[in-house]
Amino acid sequence: MAADPTVPTAGGPPEEGVSLHLLGGFRLLRDATPIVVPRGLQRVIALIGLRPGATRSQLAGLLWPDASEERALSSLRTALWRLRQDPCCPMTVAGDTVRLDPAVRLDVDDLVGTAVRVRDGDDPRTAAGALAAGRHDLLPGWYDDWVLLDRERLRQLRLHMLEEVAGHHLTAGRHGEALEAALEAMAAEPLRETPHRLVVRIHLAEGNAFEAVHAFYVYRDLLRRELRLEPSPAMSALLDDTLAPIRQASREAVADRPSPAGRRA
């Protein structure tokens with residue numbers, strides 16, 4: 001591994017130390033300068049970052065699931081030896097466990113930390129970057145079983161975080177910020193009902209009945225088209241009071257309409 005001198009650093013003062021980015025693709029940076037890492041070693045570093053304190057046997061089994069235990073451990077020893085030869089090595093080995101060096105900043109940890117602060121009730125306005133955190137998938141284009149598992153875990157973590165942020169803002173009467181968080185969750189998973197339900201609630205809280213009804217029917221049509229399903233009773237109930245006069249007027253119009261027999265008479 002080596003820093004790539006052909007890649008310019010970002011504007012402003014360089015970031016201190018080493019950072020590992022796994023969201024949106026593998027990137028290992030030193031003072032904001034990319035470090036070139038062979039693909040095989042990328043997998044080792046990424047797994048060490050996602051499984052802090054894992055034993056050698058656990059790492060070897062995940063990285064080389066189709067190999068015998070002896071062969072997998074041998075491959076891991078070779079990979080760890082190659083990593084330790086480089087001054088940019090981002091890991092430490094203690095006995096049978098391998099982990100990232102404590103000085104290495106991991107973007108996945110930033111996402112998890114932000115989600116924990118939101119979950120514990122911190123004012124969402126102080127959770128800097130909550131909307132942008134985790135906007136990109138974990139290691140897109142990688143299909144190892146351990147990547148797929150953690151990708152879905154982090155995706156669900158972010159969706160719940162955004163919904164909690166929207167709910168906190170709604171409770172506090174910050175409707176614009178609530179709507180922004182709900183729409184961010186909707187963009188991440190368009191068929192998920194919870195953010196659509198939040199959008200309807202936000203519009204109703206603002207007194208925008210038309211917007212609420214429009215949001216409901218947009219989601220209903222999407223759900224019918226994609227999954228041939230209907231919104232849940234909980235979502236439909238949000239609009240019961242708003243739609244009650246419309247439904248009553250429709251029933252009265254039907255009742256007042258002359259019957260076919262009456263028209264013939």
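Hydrogens, waters and symmetry mates play no part in the numbers below; they use all other heavy atoms, side chains included.
Among Glu164, Glu184, Glu152, the single residue meeting the salt bridge (charged side-chain N to carboxylate O under 4.0 Å, His left out) criterion with Arg158 is Glu184.
A distance of 11.5 Å separates CG in Leu170 from NE2 in His168, rounded to the nearest 0.5 Å. Between Thr78 atom OG1 and Leu83 atom CG the span is 11.0 Å, to the nearest 0.5 Å. Atom OG1 in Thr92 sits 9.0 Å away from atom CD1 in Ile48 (nearest 0.5 Å). The line from NE2 of His203 to CG of Leu238 is 12.5 Å long, rounded to the nearest 0.5 Å.
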Step by step, work out the salt bridge (charged side-chain N to carboxylate O under 4.0 Å, His left out) result for Arg174 and Glu177.
CA-CA 6 Å; Arg174 297 187 291 268; Glu177 292 163 287; 3.6 Å; yes
Working note: Arg43 + Asp144, criterion salt bridge (charged side-chain N to carboxylate O under 4.0 Å, His left out); need CA distance, chi angles, decisive distance, verdict.
CA-CA 9 Å; Arg43 294 176 67 250; Asp144 306 74; 2.9 Å; yes
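Proximity of a side-chain donor or acceptor of Arg105 to a complementary backbone N or O of Val18 within less than 3.5 Å is not detected. Side chain of Asp107 to backbone of Leu23: a donor-acceptor contact under 3.5 angstrom is found.
Taking a 6.0 Å sphere around CG of Asp221, one finds it holds more than 12 heavy atoms contributed by other residues, nucleotides or ligands. Counting heavy atoms of neighbouring residues, nucleotides and ligands inside a 6.0 Å radius, atom CZ of Arg71 does not exceed 12 of them. The environment of Glu70 atom CD is sparse: at most 12 non-hydrogen atoms of other residues, nucleotides or ligands sit within 6.0 angstrom. Within a 6.0 Å radius of CZ in Arg220, other residues, nucleotides and ligands contribute more than 12 heavy atoms.
Using modelled atom types, one finds no donor on one side chain facing an acceptor on the other under 3.5 Å when comparing His169 with Thr171. A donor-acceptor pair shorter than 3.5 Å cannot be found between the side chains of Arg30 and Thr33.
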